[in-house]
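Below: one structure, written as structure tokens.
Each chain gets a letter, A, B and so on, in the order the sequences are listed, and its residues count up from 1.
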Number of protein chains: 2
Amino acid sequence: MKEGPDIALIGSLIGDPARANMLTALMGGRALTPTELATHAGITLQTASSHLSKLEAGGLLTQRKQGRHRYYQLAEDEVGLMLENLMGFAASRGMNRHRPGPKDPALRKARVCYNHLAGDYGVRMLDSLIAAKQIEVAGDDLALTDAGQIRIEALGISYASLKKSRRPICRTCLDWSERRSHLAGSLGEALLTLFLDKGWAKRENNSRAIRFTDSGEKAFSGLFPQ
Amino acid sequence: MKEGPDIALIGSLIGDPARANMLTALMGGRALTPTELATHAGITLQTASSHLSKLEAGGLLTQRKQGRHRYYQLAEDEVGLMLENLMGFAASRGMNRHRPGPKDPALRKARVCYNHLAGDYGVRMLDSLIAAKQIEVAGDDLALTDAGQIRIEALGISYASLKKSRRPICRTCLDWSERRSHLAGSLGEALLTLFLDKGWAKRENNSRAIRFTDSGEKAFSGLFPQ
DNA sequence: TTCATACTTCGATGGTAGTCGAAGCATTAA
DNA sequence: TTAATGCTTCGACTACCATCGAAGTATGAA
């Protein structure tokens with residue numbers, strides 16, 4: 001009784017702990033080399049290489065060569081959304097790999113979700129944008145309003161350049177720690193880039209966590225009041 | 001660098017073809033016995049039994065004994081949502097287990113998604129309810145409006161009884177064939193039950209497909225105009 | 001009781017996939 | 001050229017797990 005798409009294929013790709021660790025590491029948004037991914041997963045380079053080619057063949061990762069390095073990253077936004085979604089489900093079942101450690105609160109507060117902001121801050125940002133009617137909810141999709149366009153231009157994000165890309169500008173992504181949506185899509189990416197560029201927030205090394213500076217906190221709260 | 005929830009655990013549960021087939025079969029919404037599930041998966045009863053206890057331990061399935069039968073079903077709405085979501089992702093990657101067969105169009109038109117209506121009809125129904133302002137979108141969640149409450153009472157669905165349960169009344173579920181949301185939650189379930197009870201639609205055996213009768217089609221189109 | 005059905009548990013088997021050492025290829029630097 | 005780094009490919013090993021036969025348990029029927 002074989003019906004519909006093959007979930008076993010993706011399942012088995014994600015089901016191996018080493019591969020799952022690599023995917024989680026890549027949720028940090030940076031493109032990583034096989035060597036880096038191997039240490040994240042706690043395996044040798046050879047084994048990592050074999051896993052990576054499987055993930056690439058499965059369409060989860062893409063790869064680009066640069067000199068003698070190879071950089072792997074998640075293939076598309078959809079991959080990140082799917083993974084975050086799975087994490088949400090796993091979290092709701094209490095499937096945690098660790099007793100909640102010191103890093104955990106930081107992750108829940110603010111973290112990178114592939115290329116955009118997630119965690120409490122991510123959710124608050126989207127809520128605030130919707131409350132200010134700068135983003136509106138239309139069925140499944142999010143749409144930037146006229147007021148929203150003016151707003152992001154004022155922040156120094158070019159609406160025209162966002163529109164050029166074929167990717168959706170706004171899109172929802174289910175947050176595993178908050179169990180609510182935050183903002184993904186090219187605007188979500190642009191906003192996170194803005195925070196980092198302005199020095200309001202910094203990525204932690206080897207972690208998805210994002211640390212806001214004091215001035216960054218203030219600026220963020222000013223821009224996106226609750 | 002172990003961070004966040006353990007996606008490998010769910011991945012490996014879903015990653016086995018036999019288990020994936022059982023889960024897919026259970027997406028049909030009916031509770032099934034180990035014997036039935038074994039034939040769906042093409043394995044013996046002993047093997048099925050072992051798989052089922054793993055799925056139950058993982059929190060994906062629940063079981064109830066009835067006489068000398070055991071009935072398995074998806075543990076909660078969330079499991080169905082997660083699976084439908086994964087199917088959507090798999091479909092978008094072209095991971096299909098079969099060349100699209102004769103059953104495929106029927107599945108895309110209308111099918112059971114655990115306990116509610118999915119496919120083209122499911123999506124149209126939700127769109128229509130939103131357009132009529134009987135359901136409104138509030139951030140992530142769907143909410144039944146006053147007009148919506150009156151409407152469903154008129155259809156013979158008791159709002160009070162829906163409200164009693166702790167489950168959300170309305171909730172979105174991403175449709176893998178349409179790539180848009182349809183209506184899940186207790187109202188989604190009640191509406192599907194209504195269609196079946198009124199004889200407007202019938203489940204096909206051993207399939208998730210739902211076949212609307214001629215009069216059912218008319219009634220449906222009348223209730224939920226495009 | 002006896003028999004039949006439904007299912008689980010045990011035990012053995014076999015295949016597959018993750019793992020790593022060693023060797024090979026490609027790029028860069030000197 | 002030579003050497004070093006980064007990565008892949010090959011081959012062998014191992015461990016795990018899906019699988020099924022056989023035996024055991026539970027419920028129901030006769």
Side chains of [X] and [Y]: donor-acceptor distance under 3.5 Å anywhere?
| X | Y | value |
| --- | --- | --- |
| B:T47 | B:S50 | no |
| B:H40 | B:N21 | no |
| B:S53 | B:E56 | no |
| B:R111 | B:S177 | yes |

| task | For A:Y114 and A:E76, run side chain to side chain donor-acceptor pair (under 3.5 Å): C-alpha distance rounded to whole Å, both residues' side-chain angles, the deciding distance at 0.1 Å, then the answer. | result | CA-CA 9 Å; A:Y114 181 37; A:E76 285 178 47; over 6 Å; no
| message | Restricting to side chain to side chain donor-acceptor pair (under 3.5 Å), what partner residues turn up for A:R171, sequence neighbours left out? | response | A:E78
| request: With sequence neighbours left out, write down each residue that passes side chain to side chain donor-acceptor pair (under 3.5 Å) with A:S215, or none if nothing qualifies. | output: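 Side chain to side chain donor-acceptor pair (under 3.5 Å) list for A:S215, sorted by chain: A:T213.
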| Close residues, residues 49-57 of chain B, relative to DNA chain D [heavy-atom separation under 4.0 Å] |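 When residues 49-57 of chain B is checked for heavy atoms under 4.0 Å from DNA chain D, the hits, listed by number, are B:H51, B:K54.
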| request: Give B:A18 one of three labels, base, sugar-phosphate or nothing, depending on what nucleic acid heavy atoms sit under 4.0 Å from its own. | output: sugar-phosphate
| query | Which is true for B:Y71 with a 4.0 Å heavy-atom rule: it touches a base, it touches only sugar-phosphate, or it touches nothing? | reply |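 Nothing, no nucleic acid heavy atom in range.
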In whole angstrom, what separates [X]'s [atom1] from [N]'s [atom2]?
| X | N | atom1 | atom2 | result |
| --- | --- | --- | --- | --- |
| B:L32 | C:dC7 | CG | C1' | 15 Å |
| B:N21 | D:dT19 | CG | P | 10 Å |
| B:M22 | D:dA18 | CE | C1' | 11 Å |
| B:L37 | C:dC7 | CG | C1' | 13 Å |
| A:L45 | C:dG21 | CG | C1' | 13 Å |

| request: Classify the ring geometry between B:F195 and B:F212 as parallel (under 30°), tilted (30 to 60°) or perpendicular (over 60°). | output: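 Tilted: the ring planes of B:F195 and B:F212 meet at 30° to 60°.
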| Of all pairs that satisfy side-chain hydrogen bond (donor to acceptor under 3.5 Å, both in side chains), the ones with a partner from residues 11-20 of chain A, not counting sequence neighbours | A:R19-A:H51
Tabulated below should be each protein N or O lying under 3.5 Å from an N or O of nucleotides 21-25 of chain D; please produce it.
from   : atom 1 : to    : atom 2 : distance (Å)
D:dG21 : N7     : B:Q46 : NE2    : 2.5

| message | For DNA chain C, which residues of residues 61-70 of chain B approach it to below 4.0 angstrom with any heavy atom? | response | B:R68, B:H69, B:R70
| message | Whether B:E84 and B:R208 form a salt bridge (side-chain N of Lys/Arg under 4.0 Å from carboxylate O of Asp/Glu) is what I want to check. | response |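 Salt bridge present between B:R208 and B:E84.
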| Short N-O contact, A:E36 and A:R30, less than 4.0 angstrom | no
